[in-house]
Amino acid sequence: MSAIDSRTVIALVSLMGALMSLVLFFMRRNYPASIKGIGEWSLTLLLLFAAGVLASMRDQAPDLVTVAVPNLLITAGTYLAFVGSQRFVNQPPRLLPNLVLIALVNLVLLWFTVVDSSYGSRTLVLTLALAYLFGIHAHLYARHGYGTFSDRFVVFILCLATLNELLRFVTAAAMPVGQNLFDPSWPNLLYITAYPFIMLLLAIGMVLLATHRLRVELEHLATHDSLTNATTRRHLNDSCEQELERCRRHGRSTALLLMDLDHFKAINDTRGHQAGDQVLIRFVDIVNGLLRRGDELGRFGGEEFVALLPETALPDALMVAERIRAACEADTVQLGCTVSIGVSSYQTSADTTDSLLARADAAMYRAKAAGRNRVEAG
């Protein structure tokens, strides 16, 4: 172990962290604004890089520069990574309590650097503070993560980092430590080589988290209408094909509701297209509030929507359609228009998505011809 050049290890791993910081910086510039926290992660690695550079200058510059400032950068950077993760999982950061804690920790570290210089005391204080920061970071993903591989990987690394700091604290409390960061004792060498590599692995985990979130958002954009958040016609067609296959295999029922907003063109002409957009958004909110968890609502174009109701026979589907019609009729303030609905259901194994849609379409036009604001079966 004594053959390890501690300064070289810190310098190389810090440099790799700086490169990862650049990766995250360009990801932040090119990823959608809805993926939050990447900027904080990038700045975290930059702060840790600066801490490594300054720490490697120990004995070549004053302790205030090579000890106190790196300790401040390490604690601030570790907490900033946690803040970035809070924003990433859409949890509002509570900055004041932890900022006060970091300030107090660094005041104590400054005391044991300038007034009563003690590497052992600094080690005890710093490792305990870092163990706390890594611990709450791991708890955040364990509680608010999405159970993906990237979540589990980051939780593992953060737990490893917490354990590393706690072991360092116990080791420092149980046996004398050297006079500085580059003391050749094996516990000290193990710690200073483990910490930067753990942070590098955490940076890789951050890249995995951001990449997975981007993939999820792109998949959502590919399958959902950007205005109303209803599914696209293509995605609903695929879902309908899957439901029809289940019906053929297991003798189940499924139903389709084809819905068209009455006199929607008049809304665009008299109130403007923005008002029309708000009507469409409100309509989707109303319908989703009346559908079950397993049902699916899709936008087929313009003011025309289709609801897929798995495990639903025609009489039950007509009841759902009537509830939707009544809810739209009652919402005269935000929606301000009625809806005509055609309903069809699975009948024989020869049924296809097109045949269900054709029957629902014919029924919907009968509802229009009969005076609108009606439900018809096809």
Side-chain angles (χ1 to χ4, degrees), residues 5-22 24-25 39-84 93 95-134 136-137 161 164-165 168-169 172 177-184 187-200 202-203 206:
D5 185 348
S6 304
R7 296 178 192 270
T8 302
V9 170
I10 291 176
L12 288 177
V13 180
S14 297
L15 180 59
M16 286 188 284
L19 294 175
M20 292 300 296
S21 174
L22 286 175
L24 287 166
F25 172 76
E40 286 83 354
W41 293 341
S42 176
L43 184 56
T44 290
L45 296 173
L46 198 59
L47 292 178
L48 296 179
F49 166 70
V53 171
L54 293 175
S56 65
M57 297 167 57
R58 182 66 193 273
D59 301 329
Q60 301 172 12
D63 286 353
L64 189 64
V65 175
T66 62
V67 177
V69 174
N71 287 338
L72 175 61
L73 294 175
I74 288 171
T75 52
T78 305
Y79 178 59
L80 187 61
F82 173 64
V83 172
L95 298 175
L96 185 59
N98 286 312
L99 287 177
V100 170
L101 174 64
I102 290 174
L104 292 175
V105 166
N106 279 278
L107 285 174
V108 175
L109 292 173
L110 184 63
W111 174 273
F112 287 121
T113 302
V114 178
V115 180
D116 181 17
S117 181
S118 171
Y119 176 64
S121 299
R122 292 199 303 269
T123 301
L124 292 174
V125 174
L126 181 60
T127 52
L128 199 58
L130 292 178
Y132 165 74
L133 292 174
F134 285 130
I136 61 174
H137 202 161
N164 180 61
E165 298 301 331
R168 176 59 176 165
F169 176 83
V177 295
Q179 297 302 310
N180 58 60
L181 185 65
F182 306 110
D183 186 83
N188 196 59
L189 289 171
L190 182 63
Y191 166 72
I192 66 170
T193 54
Y195 174 80
F197 278 108
I198 286 174
M199 295 308 297
L200 185 59
L202 182 58
M206 293 170 179

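All values below come from the heavy atoms of this structure, side chains included, with hydrogens, waters and symmetry mates left out. Numbers for residues simply follow the sequence, beginning at 1. Predicted model, so just to flag it, every value in this text is computed and none were measured.
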- [ ] Would you confirm whether Ser21, through its side chain, and Ser42, through its main-chain N or O, come within 3.5 Å as a donor-acceptor pair?
- [x] yes
Rounded to the nearest 0.5 Å, how far does [atom2] of [Y] lie from [atom1] of [X]?
X      : Y     : atom1 : atom2 : result
Met199 : Met16 : CE    : CE    : 13.0 Å
Leu54  : Gln60 : CG    : CD    : 11.5 Å
Asn71  : Thr66 : CG    : OG1   : 9.5 Å
Leu101 : Leu96 : CG    : CG    : 11.0 Å
Leu47  : Leu73 : CG    : CG    : 5.5 Å
Leu19  : Phe49 : CG    : CZ    : 8.5 Å

Open item on the list: Considering only residues two or more places apart or on different chains, which pairs with a residue in residues 68-81 satisfy salt bridge (charged side-chain N to carboxylate O under 4.0 Å, His left out)?
Closed with: none
Do [X] and [Y] have side chains that approach each other closer than 4.5 Å (heavy atoms only, starting at C-beta)?
X      : Y      : value
Val53  : Leu15  : no
Val108 : Val105 : no
Thr113 : Leu64  : no
Phe112 : Leu126 : no

Task: Option passing side-chain contact (heavy atoms from CB on, under 4.5 Å) with Leu45 (candidates Leu202, Leu200, Leu24) - done: Leu24
Ignoring hydrogens, what is the shortest heavy-atom contact between [X] and [Y]? Give both atom names and the distance.
X      : Y      : result
Trp41  : Gly84  : NE1-C, 3.6 Å
Leu124 : Thr127 : O-OG1, 3.2 Å
Phe134 : Thr78  : CE2-CG2, 3.7 Å
Leu133 : Tyr79  : CD2-CD1, 4.0 Å
Ile74  : Leu48  : CA-CD2, 3.9 Å
Pro70  : Ala55  : CG-N, 3.9 Å

Open item on the list: Less than 3.5 Å apart, any donor N or O on the side chain of Asp63 or Ser117 sitting next to an acceptor on the other?
Closed with: no
Open item on the list: Asn164: which residues meet the side-chain hydrogen bond (donor to acceptor under 3.5 Å, both in side chains) condition with it, sequence neighbours left out?
Closed with: none
Open item on the list: Test of understanding: with salt bridge (charged side-chain N to carboxylate O under 4.0 Å, His left out), list the residues that count as partners of Glu165, not counting sequence neighbours.
Closed with: none
Open item on the list: I'd like to know whether Met57 forms a side-chain contact (heavy atoms from CB on, under 4.5 Å) with Val65, so could you lay out the CA-CA distance, the side-chain angles of the two residues, the decisive distance to 0.1 Å, and finally the verdict.
Closed with: CA-CA 9 Å; Met57 297 167 57; Val65 175; 5.5 Å; no
